[in-house]
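This report concerns only the one structure given below.
By convention in this document, chain letters (A, B, ...) are assigned in the order of the sequence lines, proteins followed by strands, and residues within each chain are numbered from 1.
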Number of protein chains: 4
Amino acid sequence: MKSYHANLGAGIDGIVLRTHDRPAPGPHQILVHVRAVSLNFRELSILRGYYPLPIKPDVILASDGAGEVVAVGQNVTRAKVGDRIAAAIFPHWIDGPFGLEYSAQLGGSLDGMLTEYALLPEDAAVPIPDHLSFEEAATLPCAAVTAWNALCGSAPLLPGQTVLILGSGGVSLFALQLAKLFGARVIATTSSADKAERLKALGADEAINYKTTPDWHVAVRALTGGRGADVVVEVGGAGTLEKSIKATAAEGQISVVGALAKETSTINAGAISATVVKLHRIAVGSRAQFIGMNRALAMHRLKPVIDRVFPFGDAIKAFRYYEAGSYFGKIVISNG
Amino acid sequence: MKSYHANLGAGIDGIVLRTHDRPAPGPHQILVHVRAVSLNFRELSILRGYYPLPIKPDVILASDGAGEVVAVGQNVTRAKVGDRIAAAIFPHWIDGPFGLEYSAQLGGSLDGMLTEYALLPEDAAVPIPDHLSFEEAATLPCAAVTAWNALCGSAPLLPGQTVLILGSGGVSLFALQLAKLFGARVIATTSSADKAERLKALGADEAINYKTTPDWHVAVRALTGGRGADVVVEVGGAGTLEKSIKATAAEGQISVVGALAKETSTINAGAISATVVKLHRIAVGSRAQFIGMNRALAMHRLKPVIDRVFPFGDAIKAFRYYEAGSYFGKIVISNG
Amino acid sequence: MKSYHANLGAGIDGIVLRTHDRPAPGPHQILVHVRAVSLNFRELSILRGYYPLPIKPDVILASDGAGEVVAVGQNVTRAKVGDRIAAAIFPHWIDGPFGLEYSAQLGGSLDGMLTEYALLPEDAAVPIPDHLSFEEAATLPCAAVTAWNALCGSAPLLPGQTVLILGSGGVSLFALQLAKLFGARVIATTSSADKAERLKALGADEAINYKTTPDWHVAVRALTGGRGADVVVEVGGAGTLEKSIKATAAEGQISVVGALAKETSTINAGAISATVVKLHRIAVGSRAQFIGMNRALAMHRLKPVIDRVFPFGDAIKAFRYYEAGSYFGKIVISNG
Amino acid sequence: MKSYHANLGAGIDGIVLRTHDRPAPGPHQILVHVRAVSLNFRELSILRGYYPLPIKPDVILASDGAGEVVAVGQNVTRAKVGDRIAAAIFPHWIDGPFGLEYSAQLGGSLDGMLTEYALLPEDAAVPIPDHLSFEEAATLPCAAVTAWNALCGSAPLLPGQTVLILGSGGVSLFALQLAKLFGARVIATTSSADKAERLKALGADEAINYKTTPDWHVAVRALTGGRGADVVVEVGGAGTLEKSIKATAAEGQISVVGALAKETSTINAGAISATVVKLHRIAVGSRAQFIGMNRALAMHRLKPVIDRVFPFGDAIKAFRYYEAGSYFGKIVISNG
């Protein structure tokens, strides 16, 4: 079996393809024939060497993958041979709030999914909705679960409430599609009329061009009768947090999805104390959240937005395409 | 101005139409020109004399009404002249869980809405969504708010979850329509193929005929892959509670809406201890819940189901029609 | 190594002591030298053959045990050799609400703790507070965790609130001791002046003799200025549930701890619909709740109440003593 | 009757004592003979002219007061003549989360309590625990309710958890005293050994001198075995927020109590995204929270810390003393 390994700090050039023996699962372990993988910004920051958590040397890349269970060890109850599964990024995080004891993660401190066969703890196995292909299912573990957690992991999102999403990255697109399942209204910020159209085609009720409307927080207030957004999926980080706070309703929820940019910046501390809001830093989500989200995807037959699929042998091309940044939807590597 | 008053225990025959001077609002009070009223089972139990809470002698009937604000007293901030409002049943219950100090209720310990002009505490005023007529808005305060509270007042209802409703009474129909806004799947029990069709036309995903399928809790389990319903809106009382418990998923929520039937019955206490579920007795809902629900109704332009509208002068005919029980949707008295 | 095995339905007479080879832990498994075990009513109902969940044939008895980790398998992160641990009854239930996928339990569908060496999934390992002996720690997994979950697993328990406990069984005593850590007031029902004294010595603010005061729910109302208890730890089942409901404050919480008595009885369904309360059937608690409770025990150096300790060789005597029912506190079997 | 009025922006020098007729309460209003008032930083920022919310011109000063009800208007149900009450700062905020419609506040957009007789909406009336004098009760509405909300308004605070308080201002001292009622451990930061002693005398488990230990967030981690504080009552604003975040446990709660300092400063946005925490900006608290807190105070007979009491005639001296800043506990103006 073959696997792509990271050489920390060496960037995409440092990725190495290596051959191994196929492992046998022990108690509480499963072996998965990986059929598809998707890319996230965390992969780039790991390759560039500034990911904030510990990374296993020579780690097999990629947190996000889906495939078929081909062998199970003793005492395994969460999966059986033949199951179509996606892997949960934090296999120890079963349910409840995040905790440090759950922080071991695939494609980080644990080996990841950019491999032909992945040996996983059974807890990582999350069944895939029937209507999704492996390519589609492989887009879910990081971006979709983060979006789901951002929408309903703290306060519940109710029909008639307003969700603000920023831009059209992976988490934002899932947050848009998922928020519509909750019966919520979605306001999106974006940088072009073209993207605004694509966001509206996915269900956005309003799109604000933040280039022509730099005070987009004022526009959000105007679009909500002065009330502000009930939930903000804040992916922009330093550059947007202060405006996001100003765009939020009283007691509204700002779900902060970590920006992994290298540069740092500051916000006015007064912006926090001037507004009665809640901020919650989101760390993907638990296995139980993944399962709950899948129930919603299955019922509504929701399809992820995929920009492009690369074959397993072209994984490095996929990384370069992703790094270039001109995509709308997820980049997938298929091992079909 | 004219008002219909109850003569407790004297039934519909005891209803009296009386003429009064139009009152002037004091501080924190508003005067509302009532334009429509809807009927609920509580009115029948008040007239029959077995409503469980204290009733003001000679009370003006009906908790549910909508109209236009025609005068406001000093210090009023929650309404102004010209506002289209519905009245909250428990005017003191602004937000948070129910409490005994909030138990004063319109058409009960306080005068109700079956009158031409109602003098109300400003806290009772809830703005009506623009897309609703007064007749439609008058259906909301008791049945719709109860349904909303039953769905999301305790645990949040998530897309992809399953809601079980029993029959086609006022609360059940609103629970069905509202559950669809949450992206939930709805299973309804009903007594005829005709009603099953009407329930499906309103959005029900499945309808179970409880006459031909008396073990409908088994059918609910089968329809949910063995899992059970996540939320049950339990309006049936003694006759159904035990089966409802058996139809509920682990840690699922049974929202018990009070059956006001005179007869009582028993349930097997073991049914409660055999299943890991939550029961929550629901008491309509708070003003904040009413406002939150209206936001959802407005966004989705949801329309209540009205069976029939009677003119103000035919109020007694409306009560008799309601008592006969052959309706599907709300009975409204209009004062056009 | 020796283990006590159940012969389902054969009662205490059917318990068999058997000798095995000591097993070696595989991936995600640990081997624990068990130093103490405590008994719960579930053991009796398993031996009598009417426990409601599936039991492994020839199961090693007892859910509750504590000991020292003597070996760990590959990939184990939750424990290391030398750790003093107690076992969580539901090893798969890490955090969040209970679910059927977590229902495998020690001393039930999985082998239990009445053995010299227990092979456990690492998820079962919960560190013991330093101030507790193995005998003391062995009392926690079932009764104490259930009490903790009953107090704060649904609604938070706040200082100044009132908790009602029924009798002096294992869960009730822990609920009493734990409720005092929350700053709550505790009212206990009991059957004798002697037990009333012991309950007060443990911190109960009030004790009601339910023999001389059969309408103890009225007494609870009187002791709370008419308000009722905020949390009821309902262990009595059919015989007490109706009165417990009547003793509960509006929106109060009744935590139903399953009575495992063979006989069943009924409650008036009207009692539920007449009172705005929440019932929550409690199923012990998660690993995270166990850990959270231990933090409280450690800070306050709280000591469980132990009635009597038997040596490992006298385990059958311990069961007979427990069955006789004349105890106040936990029965422990030590393998010191 | 006499009242002290603010002259916005004119500081303490601009305070004017004026004489009025005693008003008569209308419907839903009460008249209170004010017996004591306490001072908060909001009063200084109003006088200095930079309070962030709208202030009524010539407003009667002070949000915090307690007294006796001497007259009630029609339809008043929440108070009767002779009741000892404290005033809730936001009289419209009955329960649930804060909302803009509840933002009218005593001593701000509404007249305040530094008067002999206050005309209040009945919703403002909160009964005083029996064990507290008017002087003691007058310290509660702003600082104590804020502390209570900070501790349990979002996540529940559990026994065994750790609360971090910053300094010895009014909110911090109440947070310390209240946290001990929850069975929590309290770590306090302070600037001197003398204050550290006083904090420990009030129940603090640990005190960190932030002058000698400028990296106090590291010290908090060390004192909690690396875990961090579960709840931080963040009163320091810009100067401390970043360190507070770093001192907080995963999924811990930072309750941000608004610093009303004129100067602003910045925090590193990366500090928020680097840690999985929740921030909640706290706006005092609701009437229901005030009542719930009083239940805890009453049960535990907790006494507020009062630094000094001034007579009504010396109100301006009280303001000057408060402005000077050398106090430990609340400053009270008595009209005994």
Here the gap from D/Q177 atom CD to D/L181 atom CG, rounded to the nearest 0.5 Å, amounts to 8.0 Å
Ranking D/Q161, D/R185, D/K180 by heavy-atom pairs under 4.5 Å to chain C gives rank one to D/R185
Whatever's closer than 4.5 Å to a heavy atom in chain C on D/A184 counts as backbone
Can a cation-pi geometry be assigned to C/R198 and C/F328, taking NZ or CZ under 6.0 Å from the six-membered ring centre and within 45° of the ring axis? yes
Looking at D/F90, is D/R287 sitting on its ring face, NZ or CZ under 6.0 Å from the six-membered ring centre and within 45 degrees of the normal?
-> no
Item to check | Aromatic ring proximity C/F182/C/W148, centre distance under 6.0 Å | outcome: yes
Highest number of heavy-atom pairs under 4.5 Å with chain D among C/P159, C/C152, C/P156 belongs to C/P159
